[in-house]
Amino acid sequence: MFSSGIRNRLIASFLLLIGATLLALGSYILWFFHENNTERLAGGLLTEARVAEQFLHPYMRGPREKASLETLLRELATTVDHRITVIDKDGVVVADSWENPATMENHRQRPEVADALTAGQGSAIRHSSTVGENFLYIAIPMRDGAETTGVIRVAATMAHVEAGFNRIRTVMLFAFFVTSVLAVLLSFRLARRYTAPLEAITNVARQMGQGQLDRRVHVRTGDEIEVLGHTLNNLAASLGDKINEIVAEKRKLELILENMDNAVILLDRFGKVTDVNRQAAAMFGITPAMLGQHNIQVIGHSALEQAVRQTVTEGRSRHIDLKTNLAGVKRVFQVFLAPTFSPEDEPAGVLCVFHDITALKEVEERQAEFVANASHELGTPLTAIKGFAETLLDGALADPALSVKFVTIIQEEADRMHRLVKELMQLARLSSEEIRRQVKLEPTAVAEVAATVVSQLYPQWHAKELDVRLAAGEGRVLARANADWLTQVLVNLLDNSIKFTPPGGRITVSCSQEAGNAVITVEDTGSGIPAAELPFIFDRFYRVDRARVREGGGSGLGLSIVKFIVETLGGTIAVKSKAGEGTTFTITLPLAE
Ligand code: ADP
């Protein structure tokens with residue numbers, strides 16, 4: 001369309017140029033031809049007039065001469081085909097070679113006659129209605145010595161000149177027509193030749209515009225159009241490279257966004273959700289239909305909305321902690337909000353990155369709780385020790401019996417503190433990644449470890465007159481464990497059973513192999529644990545009956561150490577208990593290969 005427009009304009013310009021040139025040239029030639037022929041005719045007539053004047057001026061001297069002039073002219077008319085008229089100086093026609101002078105009007109006012117009398121020569125072209133042709137008149141004055149006696153006028157028809165002119169005009173028109181046809185054909189060819197490369201470039205440019213940047217212009221004209229083609233090719237190549245770079249960059253960003261742990265949400269400056277990554281969609285249940293909705297509708301948190309508004313108005317990034325309840329699960333997020341800007345530097349929106357710090361917060365809370373509990377547990381015996389020491393110093397030392405009692409209590413409390421500190425250190429050691437990595441797991445004969453523990457604790461259970469039995473199943477069960485750790489587990493469990501089983505009760509430690517696992521149970525007929533307490537007994541510092549257990553010296557750390565060790569070894573621990581009837585702890589450990 002564009003290049004056909006150029007082609008039409010080119011053709012029109014060519015035609016206009018050729019037409020105008022031909023027209024101007026033809027008109028000039030025609031004009032020149034006409035003028036030249038007229039001049040030549042006029043020249044001939046002037047010569048004839050001069051010859052006639054020389055010959056005829058004596059006839060103007062008197063009326064008699066004038067009368068014979070008439071006859072003379074008539075004779076002349078038979079040999080000369082030009083009309084000769086003699087007019088006296090008053091304009092009266094004296095004689096005429098073609099007409100009867102008596103019928104002719106006064107010629108004083110005829111331009112050629114007037115000019116001849118005033119300027120010495122006159123000429124005019126006039127149409128003769130009698131003959132129906134144009135005539136050229138040339139007039140000069142007739143002189144007799146210094147006196148002007150009249151005017152002699154010679155006239156000739158212009159028909160020959162005009163006929164020649166018409167012929168030439170016809171030829172010229174024909175030539176004009178032929179040249180025009182040739183010019184049209186040539187213009188079309190030329191215009192086509194000039195516009196074809198342009199058309200090719202336009203087509204390729206159009207395809208490039210539609211995204212086909214691998215298209216190239218192939219034009220070999222050796223002029224500016226070829227340069228234009230090369231430039232377009234270079235432009236497309238560098239544009240293609242740039243687009244590839246941008247696409248690669250975009251893919252990289254998308255990959256990062258999609259595979260990062262954090263949920264990312266992009267909001268516009270009004271707080272409406274415009275884009276989310278996969279994690280955000282999954283975490284907040286955002287469907288594509290929800291894009292465009294306000295964050296209050298999607299996330300439903302006024303603190304976030306407030307932070308978004310502040311980020312937009314202040315144009316500065318910020319962090320906020322956000323406590324949410326997602327599908328009934330409490331989550332804590334640290335949200336990073338950064339403002340985004342339009343190319344004109346206007347606030348465009350806010351980028352929100354949600355960092356899930358629920359676990360971190362939990363650890364922090366647990367640590368704080370642990371420190372509080374540990375301080376409390378250590379503080380209680382310390383207060384007792386301090387109290388009894390002060391009482392002793394205040395005078396009780398004087399009473400030997402009281403002194404022994406108080407010092408015994410001080411020693412017991414110090415023992416308790418010692419045990420507590422030992423257990424805390426053990427827990428800390430177990431928690432250490434280093435120690436867990438260094439521990440050697442090897443085939444451990446569970447029954448042998450159990451037997452060692454039972455005999456180790458003999459003084460305690462024997463003192464309480466308890467019946468402790470060891471039941472080992474058939475075959476030697478080898479667990480993939482560490483003997484020291486397993487000893488610690490069984491010592492803690494058996495120690496509890498001894499503590500919480502009244503004298504005369506029975507404790508059974510059994511070892512067996514079940515479904516690819518080593519299974520160890522410690523069963524007692526002791527006080528049992530109320531069902532409501534069962535879920536908490538593995539928690540640190542948890543004791544069922546604090547007042548009563550205090551006497552037994554428990555710290556509430558034993559079972560948490562047991563659970564920690566069993567799970568570190570890749571096993572499980574379960575408890576079954578009925579208040580007043582007894583308790584059974586069941587441990588499973590993976591078998592040694
Ligand atoms: P502690 O060192 O105080 O014994 P544990 O973590 O070992 O702490 O035990 C936590 C609580 O579980 C105890 O205070 C006790 O109330 C209860 N418990 C543990 N084992 C038994 C058991 N065999 N019989 C009854 N209660 C038990």
Side-chain angles (χ1 to χ4, degrees), residues 366 369-370 373-381 384 412-431 450 453-454 456-457 460-461 463-471 485-510 520-568 572-587:
R366 277 223 232 119
E369 196 187 345
F370 178 81
N373 282 336
S375 316
H376 178 75
E377 291 300 323
L378 286 168
T380 317
E412 276 171 7
E413 290 299 323
D415 279 348
R416 241 161 72 78
M417 272 179 76
H418 184 232
R419 272 202 310 276
L420 192 68
V421 169
K422 231 169 68 186
E423 281 174 343
L424 280 174
M425 274 165 65
Q426 196 180 16
L427 209 57
R429 240 196 11 253
L430 284 170
S431 305
V453 172
V454 169
Q456 252 180 26
L457 295 186
Q460 281 101 310
W461 56 263
K464 271 188 100 176
E465 294 170 6
L466 294 171
D467 173 14
V468 178
R469 293 180 190 179
L470 191 67
W485 281 15
L486 188 58
T487 305
Q488 181 67 58
V489 166
L490 293 180
V491 164
N492 285 13
L493 289 179
L494 196 61
D495 187 50
N496 275 347
S497 290
I498 294 166
K499 262 194 292 187
F500 298 107
T501 306
R506 193 175 67 229
I507 301 170
T508 315
V509 181
S510 48
I520 309 161
T521 57
V522 178
E523 190 183 348
D524 65 48
T525 55
S527 59
I529 306 163
E533 312 277 350
L534 272 180
F536 309 109
I537 57 163
F538 294 107
D539 290 355
R540 284 169 187 179
F541 301 108
Y542 192 84
R543 292 184 300 243
V544 173
D545 182 348
R546 288 186 170 252
R548 185 170 60 83
V549 175
R550 167 59 37 82
E551 292 144 29
S555 62
L557 287 174
L559 283 181
S560 64
I561 292 173
V562 167
K563 187 170 179 325
F564 201 97
I565 291 176
V566 170
E567 283 177 359
T568 306
T572 60
I573 180 160
V575 59
K576 262 198 232 155
S577 184
K578 220 167 181 190
E581 285 185 18
T583 309
T584 308
F585 283 95
T586 308
I587 293 168

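As the structure lists them, so they are numbered: ligands from 1, and atoms in each ligand from 1.
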Among L420, I529, I537, closest by any non-hydrogen atom to atom 26 (N) of ligand 1
I529
From T508 OG1 over to L470 CG, what is the distance, rounded to the nearest 0.5 angstrom?
9.5 Å
Quick one: look at F538 and ligand 1, take heavy-atom pairs under 4.0 Å, and tell me if it's side chain, backbone, both or neither.
neither
Validation row: V454, L490 side chains within 4.5 angstrom (heavy atoms):
no
Which atoms of ligand 1 sit under 4.0 Å from any heavy atom of Y542?
10 (C), 11 (C)
Validation row: Q426, L557 side chains within 4.5 angstrom (heavy atoms):
no
Per atom 4 (O) of ligand 1, closest listed option by heavy atom (N496, D524, L494)
N496
Of the side chain and backbone of K499, name the one, both, or neither that has a heavy atom under 4.0 Å from an atom of ligand 1.
side chain
Per-atom filter on ligand 1: closer than 4.0 angstrom to a heavy atom of S527 are 25 (C)
Should I498 and K464 count as side-chain neighbours, where that means a heavy-atom distance under 4.5 Å?
yes
Should K422 and M425 count as side-chain neighbours, where that means a heavy-atom distance under 4.5 Å?
no
Would you check the N or O atoms of G556, main chain and side chain alike, for any that come under 3.5 Å of an N or O of ligand 1?
yes
So F538 and F585, would you call those rings parallel, tilted or perpendicular, with 30° and 60° as cut-offs?
perpendicular
What part of S577, side chain from CB on, backbone N/CA/C/O, both or neither, has a heavy atom under 4.0 Å from ligand 1?
neither
I need the contact type for T583 against ligand 1. Using non-hydrogen atoms and a strict under-4.0 Å cut-off, is it side chain, backbone, both or neither?
side chain
Short N or O distance, L559 and ligand 1, threshold 3.5 Å exclusive:
yes
Heavy-atom side-chain proximity of L559 to L493 below 4.5 angstrom:
yes
